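Following: one structure in structure tokens, then a few remarks.
Numbering starts at 1 and runs along the sequence shown. Only a predicted model underlies this, so the values are computations on that prediction, with no experimental measurement involved.
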Amino acid sequence: MTTQIGVQMYTLRDHCGTAGDIAATCAKLKKMGFGAIQASAGAFGKIDPKELRKILDDNGLVCAATHFGLDRMRETDAIVEWHQIVGCSLTAIGGFGWTDEGKASWDRFVTEYDQIAKNCAARGLRVGYHNHSHELVPFAEDPAKLDPTQTPLNLLVEKLDPSVWFEVDVYWIAHGGGDPAAWLRKIGKSAPGRVDAIHMKDMTITRKREQKMCEVGAGNLNWPAIIAAAKEVNVKWYLIERDSGDLDPFESLKISYANMREMGLS
């Protein structure tokens, strides 16, 4: 492993429209000290996996993980081949959403996703799930019967096959009212190697009491607790992601990277 710190390229989506843009962006990241990226279907313009692999090799970068949508995940042969070319063994969908059917749709998702994961694992690709905050919404519709243990995230952790890994996004856990460190331990201890990568972003608050993303170490998340929990469950990749924010994304990454190094990550 070149480094434990990487960049979720969705952060730099406005700089990755063409293959040339991606190459220039990767060169900048290497110069900043990064050794890994997370490729994201939502970040890149159209690029052949062979061309992406060459860009990564030319810049001394590796692809730690990827994000693809559920429809692409269903194309097992194509998705496995893509990852084999790029040299990546971890992928995850960005999340599954609520429907009018409520819990029943989550149950069906678990059944389908387990099969997708099984098909991919047979060919060396580990499939995972990335959370937002809506997975912490209780299933109960009666306000008098809310149960924080009965949510989609609890269901996914308990019902998905243990081979399905979780890309815990600490910001979105906190956004949903959860404790990122507690969830890291809960998920990480549910099966060996279940949290190979996490998303690093911080949360601050505006004067209008609105939650807001900011650079790692510049907000209110409890990073000593989060990092301690991450180490306990053997997280391999700490991937910086900033969906939105006030700063230029490269400047944002620079600040987060420096703060994470001060936290003892490398």
Side-chain angles (χ1 to χ4, degrees), residues 1 3-11 13 36-44 62-70 72-73 79 83 86 88-97 106 109-110 113-114 116-117 120-121 125-136 151-176 178-203 213 216 221 226-227 229-243 256 260 265:
M1 183 181 294
T3 180
Q4 289 182 295
I5 302 176
V7 176
Q8 201 331 1
M9 295 298 278
Y10 186 72
T11 305
R13 58 195 178 278
I37 69 161
Q38 177 172 28
S40 171
F44 288 169
V62 298
C63 185
T66 69
H67 266 193
F68 282 99
L70 184 56
R72 285 291 303 278
M73 291 286 196
I79 206 72
H83 284 80
V86 173
C88 179
S89 62
L90 293 174
T91 188
I93 64 168
F96 180 75
W106 290 94
F109 168 74
V110 166
Y113 209 53
D114 268 351
I116 290 173
C120 290
L125 178 62
R126 294 189 61 216
V127 169
Y129 185 93
H130 167 274
N131 68 276
H132 287 84
S133 55
H134 66 271
E135 292 92 346
L136 291 175
T151 67
L153 191 53
N154 281 285
L155 182 148
L156 295 174
V157 174
E158 294 167 6
K159 299 298 184 181
L160 281 171
D161 188 86
S163 65
V164 177
W165 68 284
F166 283 78
E167 187 172 50
V168 177
D169 189 307
V170 297
Y171 171 93
W172 287 115
I173 291 289
H175 185 272
D179 178 344
W183 274 102
L184 280 168
R185 290 189 176 94
K186 177 182 175 70
I187 297 171
K189 293 178 179 179
S190 66
R194 210 167 192 196
V195 191
D196 274 350
I198 64 175
H199 274 181
M200 305 284 282
K201 67 186 76 161
D202 214 335
M203 178 187 290
M213 292 181 188
V216 177
L221 295 191
I226 290 170
I227 292 173
K231 289 181 176 179
E232 282 181 30
V233 300
N234 298 314
V235 169
K236 295 182 177 66
W237 296 105
Y238 297 81
L239 303 171
I240 304 171
E241 181 185 43
R242 197 207 63 183
D243 309 38
S256 290
M260 288 168 65
L265 300 175

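Considering CG of Leu221 and CE of Met203, their distance stands at 6.0 Å, rounded to 0.5 Å. For the atom pair Asn131 CG and Trp183 CH2, the distance stands at 9.0 Å (nearest 0.5 Å). For the atom pair Leu239 CG and Leu90 CG, the distance stands at 9.5 Å (nearest 0.5 Å). Atom CD1 of Ile198 is separated from atom NZ of Lys236 by 12.5 Å, given to the nearest 0.5 angstrom. Rounded to the nearest 0.5 angstrom, Ile116 CD1 and Arg72 CZ are separated by 12.5 Å. The distance from the CE atom of Met213 to the CD atom of Glu241 is 7.0 Å, given to the nearest 0.5 Å.
In this structure the side chain of Tyr171 never reaches within 4.5 angstrom of the side chain of Asp202, judged on heavy atoms. Annotation: side chain of Ile93 is in contact with side chain of Tyr113 (closest heavy-atom distance under 4.5 Å). Proximity of Gln38 to His130: side-chain heavy atoms (C-beta onward) are nowhere separated by under 4.5 Å. For the pair Ile173/Asp179, no side-chain contact is recorded, criterion being any heavy-atom separation below 4.5 Å from C-beta on.
In this structure a side-chain-to-backbone donor-acceptor pair under 3.5 Å is present from His134 to Phe96. Checked by atom type and distance alone, the side chain of Trp237 never pairs as donor or acceptor with a backbone atom of Ile37 at under 3.5 Å. When atom types are taken as modelled, the side chain of Thr66 and the backbone of Ala39 share no donor-acceptor pair closer than 3.5 angstrom. A distance-only check finds no donor-acceptor pair linking the side chain of His67 to the backbone of Met9 [under 3.5 Å].
The two residues Met200 and Val170 have their closest heavy-atom pair at CA-CG2, 4.4 Å. Between Leu153 and Leu136, the shortest heavy-atom contact is CD2-CD2, 3.9 Å. Considering all non-hydrogen atoms of both residues, Cys63 and Cys88 come closest at O-SG, 3.5 Å. Closest heavy-atom contact between Ala230 and Leu184: N-CD1, 4.1 Å. Shown here for Ala41 and Phe68, the closest heavy-atom pair between the two residues is CB-CD2, 3.9 Å. The two residues Trp172 and Ser133 make their nearest non-hydrogen contact at O-CB, 3.3 Å.
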Should Glu135 and Trp106 be marked as a side-chain contact (heavy atoms from CB on, under 4.5 Å) after you check the CA-CA gap, both sets of side-chain angles, and the distance that decides it?
-> CA-CA 10 Å; Glu135 292 92 346; Trp106 290 94; 4.0 Å; yes
With side-chain contact (heavy atoms from CB on, under 4.5 Å) as the test, would you mind laying out the steps for Phe166 and Leu160 before giving the verdict?
-> CA-CA 10 Å; Phe166 283 78; Leu160 281 171; 4.0 Å; yes
Kindly indicate, with the supporting measurements, whether the criterion side-chain contact (heavy atoms from CB on, under 4.5 Å) is fulfilled by Ile187 and Tyr129.
-> CA-CA 12 Å; Ile187 297 171; Tyr129 185 93; over 6 Å; no
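Checked options Val157, Val168, Val233; the residue passing with Arg194 is Val157 (criterion: side chain to side chain contact (heavy atoms under 4.5 Å, CB included)).
For residues 153-172, the pairs satisfying salt bridge (charged side-chain N to carboxylate O under 4.0 Å, His left out) are Asp169-Lys201, with sequence neighbours left out.
Ring centroid separation for the pair His199 and Tyr10 does not come in under the 6.0 Å cut-off.
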